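Every value quoted in this text rests on a predicted model; they were computed, and no experiment measured them. So that the names make sense, note that chain A is the first sequence line, chain B the second, and so on, each numbered from 1.
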Number of protein chains: 2
Amino acid sequence: MAEVTTSLSIGQVAERTGLSVHALRFYEHEGLFVNPVRRGPGGRRVYRQDDVDWLTVCIILRASGMPLTALRRYADLVRQGAGNEEERRTLLREHQARVTTQIDRLAECLDLIRFKVGVYEDLLDPDSAADHQCHAPGR
Amino acid sequence: MAEVTTSLSIGQVAERTGLSVHALRFYEHEGLFVNPVRRGPGGRRVYRQDDVDWLTVCIILRASGMPLTALRRYADLVRQGAGNEEERRTLLREHQARVTTQIDRLAECLDLIRFKVGVYEDLLDPDSAADHQCHAPGR
DNA sequence: CTAGGATCTAGAGTTGGCTCTAGGTCAAGC
DNA sequence: GCTTGACCTAGAGCCAACTCTAGATCCTAG
């Protein structure tokens, strides 16, 4: 039960990460990988599990709105190795702040949306209408 | 203290909504206004407070990720007048669901980000390090 | 030997949502 | 009468992040 260093093809990585093979090549081209992607016979890309792990992190950062430029910056720092941990922390903290801000903003939007849904709810079946305060813009 | 029907120029609307004049013309072109924008002397756009109110709603829906196509659909429904409230409710409910999903997703991402910030925190001043569980991918 | 499928590179195309430009009109103030 | 600034239209340009295409190579199975 030891798979010490399993090699993965680009197709396999695409499958396990959910990224397209196109996106994987694109990410590589953009310098988003920490380890330069090795090549096997015929010039084919060979990935390992830690590439997949890194991609998993990338996907999460992307999903939370980090632009590729910032992701590249982070990859650069990690690639450079020990010594720049403070900068990495700063980068992540800034992103963290943006994400919390974004969540708050969305929660506010959700308030209005809920309110408006509520208005239509009352309109469409007034029986189950609760009382609502009315302080939002029309329509 | 009665400003019964104040007319606003495109510049004034831009100022109060935060949208650019370009964006306002673009939104009009895209059919996102409920009332066709009236024109004053010289063909200039004349807005009123309820346009601003509507734009406020638009801005919130946009900020929560509603694409312009959906916003246009909603505007169409409102423009058509009474009778399609159910469809409006459906549209808003669907958007509401997407927003809550998005908030949840962001919250999950935030977990990882916090974890990683924590790792660098511990690394950079280990004195104040609390204990952490370790189950996230590397770097 | 050959057909199929996965891979390769380089670069063009797409999408959404604006933003900007060019060239012109119009009203007010000096 | 002239400049200034806000406005007009139509359409081009931009940005991010992919996605897709073309044409070539390589490996495996039949």
### Query
Does A/Arg62 reach the main-chain N or O of A/Met66 with its side chain, forming a donor-acceptor pair under 3.5 Å?
yes

### Query
Can you give the first and last nucleotides of DNA chain D, 5' to 3', that have an atom under 4.0 Å from a heavy atom of chain B?
D/dA6 to D/dT9

### Message
Distance check, rounded to the nearest 0.5 Å: B/Leu91 atom CG versus B/Asp76 atom CG?
### Response
10.5 Å

### Message
So, does B/Arg72 get its side chain near the phosphate of C/dG16, meaning an N or O under 4.0 Å from OP1 or OP2?
### Response
no

### Message
Applying a 4.0 Å non-hydrogen cut-off, can you work out what A/Pro67 is touching in the nucleic acid: base, sugar-phosphate, or nothing?
### Response
sugar-phosphate

### Message
Once you apply a heavy-atom cut-off of 4.0 Å, does A/Ser9 come out as touching a base, just sugar-phosphate, or nothing?
### Response
sugar-phosphate

### Message
Which is more 5' along DNA chain D, the nucleotide nearest A/Arg44 or the one nearest B/Gly43? Just name the residue.
### Response
B/Gly43

### Task
For B/His29 and for A/Leu19, locate the closest nucleotide of DNA chain D by heavy-atom distance; then report the residue assigned to the nucleotide nearer the 5' terminus.
B/His29

### Message
Looking at B/Gln80, I'd like to know if its CD atom is crowded, meaning that more than 12 non-hydrogen atoms belonging to other residues, nucleotides or ligands lie closer than 6.0 Å.
### Response
yes

### Query
Would one find more than 12 heavy atoms of other residues, nucleotides or ligands at under 6.0 Å from atom CD of B/Gln12?
yes

### Query
Is B/Glu121 salt-bridged to B/Lys116, cutoff N-O under 4.0 Å?
no

### Message
Check this for me, if you would: do A/Asp51 and A/Arg38 make a salt bridge, where the nitrogen-to-carboxylate-oxygen distance has to be below 4.0 angstrom?
### Response
yes

### Message
Can you work out whether B/Gly65 or A/Gly42 has the more 5'-proximal nearest nucleotide on DNA chain C?
### Response
A/Gly42

### Message
For B/Ser64, give me all partners under side-chain hydrogen bond (donor to acceptor under 3.5 Å, both in side chains), at least two apart in sequence or on another chain.
### Response
B/His95

### Task
Assess the side chains of A/Gln102 and A/Arg105: does a donor N or O sit below 3.5 Å from an acceptor N or O?
yes

### Query
Separation of B/Glu30 atom CD from C/dG17 atom C1', in whole Å?
9 Å

#### Entry: Separation of atom CD1 in A/Ile10 from atom P in C/dT7, rounded to whole Å
7 Å

### Task
For the residue pair B/Phe33 and B/Tyr47, categorise the inter-ring angle as parallel (less than 30°), tilted (30 to 60°) or perpendicular (more than 60°).
tilted

### Query
For DNA chain D, what residues of residues 21-28 of chain A have any heavy atom nearer than 4.0 Å?
A/His22, A/Phe26, A/Tyr27

